[in-house]
Amino acid sequence: MGPILVIAEVLDSSVRKASLVALGCATRVAQEAGTHFDVLCIGEGASQAAAELGSFGAKRVFVTEIPGGYVCERYLPTVTHLVEQEGHKFVLATATTYGKDLLSRCAAKLKAGLASDVTDVRLSNGSLTFERPMYAGNVFGTLTLNTEVNVATLRQSEFSEAVPQGTTSEQVELPMQAAPLADRVHFLGLEQVASDRPELTDADVVIAGGRALKSSENFKNILEPLADLLGGAIGASRAACDAGYATVDMQVGQTGKVVAPKLYVAVGISGAIQHLAGMKGSKVIVAVNKDKEAPIVQVADYVLAEDLFSAIPALTDALKSAS
Amino acid sequence: MKILVPIKRVADPDNANKVGVSADGRTIETSGMEWKINPFDEYALEAALRLTEHGVTKERIGEVVLCSIAPADVATTLRQGLAMGAERAIVVEQDDSALDAFAVAEILAALVKREKPDLVMLGKQAVDGDASATGQMLAEQLEWPMATIAMRIEVEAEGKRLKVGREVDTGVLSLRVELPAVLTASDRLVHPHSVRNGVTPADFSYPESDGGRYASLKGIMAAKKKPIDTLTLADLEVSPTSLCDYTQFRLPSARGGQAVFVNSVAELVQHLKQDAKVL
Ligand SMILES: Cc1cc2nc3c(=O)[nH]c(=O)nc-3n(C[C@H](O)[C@H](O)[C@H](O)COP(=O)(O)OP(=O)(O)OC[C@H]3O[C@@H](n4cnc5c(N)ncnc54)[C@H](O)[C@@H]3O)c2cc1C
């Protein structure tokens with residue numbers, strides 16, 4: 001197999017932590033295949049972000065500074081140009097909303113097969129085999145791609161992050177390629193939700209709330225003290241997001257984020273199939289739910305069948321006094 | 001505005017845990033499960049209908065054409081979309097079970113060249129394959145701009161362009177796209193104020209709902225008379241190529257053990273500390 005290219009995701013002039021798993025996978029596959037991997041750091045603030053990527057064992061870190069926010073059509077020609085120029089045979093990124101947007105279109109432009117949101121990448125006889133969840137995680141499919149170039153996005157929770165290697169990658173400026181569609185789509189802005197807590201997909205502990213929380217004030221007053229005490233992130237069911245109790249970036253599930261923390265506490269969440277798809281890989285699952293028969297119980301390790309409005313503050317207090 | 005809405009039928013997603021795998025692991029089994037419109041395609045259709053109607057009078061001011069690549073009996077599923085208000089539908093008669101996103105996009109691209117819509121509205125993912133790729137691949141094959149995971153749409157410049165809010169990991173990313181374009185729908189697109197078409201008064205509120213509109217009795221009757229055309233790949237002069245080969249399927253491994261029901265917060269804390277060792 002030929003060389004590998006990792007697309008790093010740049011946000012606020014820094015590399016998103018999610019990208020580290022793509023680097024980790026590239027490191028392993030490159031080693032097994034006896035090849036090298038490069039990284040492309042592209043977007044506004046890429047030059048600054050690239051400094052964070054120098055020690056992960058990539059042969060080269062290509063840097064393309066593109067002012068303005070992310071627009072697929074502006075980035076894509078540079079990505080595919082690099083792949084063609086360097087003969088990369090495996091192009092990967094983490095399956096964030098960015099990764100899925102950019103790499104799906106990238107695969108089409110390269111006429112290359114795409115394996116989306118994969119949970120496993122294996123190399124055998126020089127070619128790649130992928131495994132990926134389907135039907136909200138109720139079936140896993142093994143697939144190969146019958147094109148010379150393989151493109152994949154990786155489910156963050158299923159791969160380990162790269163660790164610094166103590167090497168220094170060569171940094172190469174890569175000019176932005178002409179983007180014929182750039183005058184037909186324009187970036188207007190990115191409204192981000194500010195938070196001091198860890199990102200949902202990076203956290204070791206997730207406290208998630210459902211419809212039963214009844215208001216955004218309750219999300220704040222009931223869940224936040226517990227999350228803060230445990231250094232955790234706050235997640236939510238779709239019902240809670242739709243009702244405006246939580247912001248949409250907090251949704252866990254088939255169509256929200258997929259998390260696999262050490263501890264997931266589902267508070268007043270029934271455990272619909274679409275919700276389970278986003279959290280059943282968690283190491284330990286605690287359900288706090290008045291209903292002993294709620295579907296969440298089928299994946300939970302511990303169930304506290306009490307009213308959340310008394311149970312969660314009591315849990316917070318118990319942990320506070322124990323520490 | 002003319003909008004093409006591709007519809008995929010999927011095995012009932014609320015029973016996705018009943019999906020099986022054949023003994024040899026070669027095929028996914030959904031027999032006995034009911035076909036449903038892929039929920040995200042339904043959201044795309046709802047948004048397309050809102051874009052092409054006067055929200056108050058419900059007068060149609062544009063055209064919504066449904067299409068599906070599937071065996072002929074998908075017509076039943078398409079009738080539901082026609083009953084919601086779409087004007088007509090096209091079936092591209094083809095077994096779709098082995099088509100990947102690239103192949104589906106090739107067929108859709110051929111259909112777009114024939115139908116010449118201003119906009120193609122797809123779901124952001126089909127909840128069977130869960131890939132989130134068809135919209136992006138279609139946009140690339142058409143060389144059109146795109147906005148995926150759309151949660152807000154506002155029509156600008158008399159329908160020549162759209163302002164779209166995309167639901168991304170860290171918040172909402174806004175784009176302005178010139179038509180023709182490809183959009184993929186997020187579930188938030190069915191919220192009461194998510195679609196502004198410049199004709200429906202800005203303060204008009206669509207009902208709170210977590211899906212598309214219900215078909216009225218009148219809608220259901222009208223749908224019976226609406227045309228559903230059938231095309232073949234030969235009619236479209238396209239021979240799609242799938243680039244993925246699925247070789248094996250399996251069911252997920254079960255999470256170990258039964259849940260422990262604890263009787264108090266103190267007991268829970270003890271378990272988490274001593275048995276699970278996560279605190
Ligand atoms: C296409 C599609 C995609 C979807 N994607 C997602 C997704 O990504 N993520 C997601 O979460 N959902 C998703 N859903 C929605 C999903 O089907 C459920 O509707 C949703 O998860 C329900 O949220 P909930 O558990 O908060 O609410 P409910 O199902 O209403 O559950 C509330 C729970 O709280 C319990 N409860 C009530 N009061 C108390 C109390 N005082 N103390 C303790 N417990 C209490 C109840 O017993 C109940 O179990 C999707 C649906 C569709 C159709």
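Just so we're on the same page: letters track the sequence lines, and every chain starts at 1. Scope of the values below: all heavy atoms of this structure, side chains included, with no hydrogens, waters or symmetry mates.
With a 4.5 angstrom heavy-atom cutoff, Thr255(A) touches chain B via backbone and side-chain atoms both. For Gln192(A), the parts lying near chain B are the backbone and the side chain together; criterion is any non-hydrogen pair under 4.5 Å. If you measure heavy-atom distances from Gln274(A) to chain B, the contacts under 4.5 Å come from the side chain alone. For Leu181(A), the part sitting under 4.5 Å from any heavy atom of chain B is the side chain, from C-beta outward, and nothing else. Only the side chain of Leu319(A) comes within contact range of chain B, judged by heavy atoms closer than 4.5 Å. Interface remark: Val288(A) contributes no atoms to any contact with chain B (heavy atom separation under 4.5 Å). There is no contact between Ala277(A) and chain B, counting heavy-atom distances below 4.5 Å. For Leu200(A), no part sits under 4.5 Å from any heavy atom of chain B, backbone or side chain. The contact between Glu306(A) and chain B is made entirely by side chain atoms (from C-beta outward), counting heavy-atom distances below 4.5 Å. For Asp100(B), no part lies under 4.5 angstrom from a heavy atom of chain A. For Lys109(A), the parts lying under 4.5 angstrom from a heavy atom of chain B are both the backbone and the side chain. Both the backbone and the side chain of Ile285(A) come within contact range of chain B, with heavy atoms under 4.5 Å apart. Using a 4.5 Å cut-off between heavy atoms, Ile273(A) touches chain B through its side chain atoms alone. Heavy-atom distances place both the backbone and the side chain of Ala314(A) under 4.5 Å from chain B. Using a 4.5 Å cut-off between heavy atoms, Phe130(A) does not touch chain B at all.
Ranked by heavy-atom pairs under 4.5 Å with chain A, the first of Ser242(B), Pro252(B), Gly171(B), Ala133(B) is Pro252(B). Note: Asn146(A) leads Asn146(A), Leu230(A), Asp317(A) in heavy-atom pairs under 4.5 Å with chain B. Comparing Asp245(B), Asp275(B), Val265(B) by how many heavy-atom pairs each has under 4.5 Å with chain A, the most go to Asp245(B).
Relative orientation of the Tyr246(B) and Phe249(B) rings is parallel, given thresholds of 30° and 60° on the angle between their planes. In this pair, Tyr98(A) and Tyr75(A) present their aromatic rings perpendicular. The plane angle is above 60°, beyond the 30 to 60° band.
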Checklist entry - Hey, mind stepping through Asp117(A) and Thr153(A) against side-chain hydrogen bond (donor to acceptor under 3.5 Å, both in side chains) and telling me if it holds? => result CA-CA 5 Å; Asp117(A) 200 20; Thr153(A) 56; 5.6 Å; no
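Here Tyr70(A) and Phe187(A) keep their ring centres 6.0 angstrom or further from each other.
When Leu103(A), Val71(A), Leu102(A) are each tested for a side chain to side chain contact (heavy atoms under 4.5 Å, CB included) with Leu76(A), only one passes: Leu102(A).
In this structure, CH2 on Trp144(B) lies 13.5 Å from CD on Glu178(B), to the nearest 0.5 angstrom.
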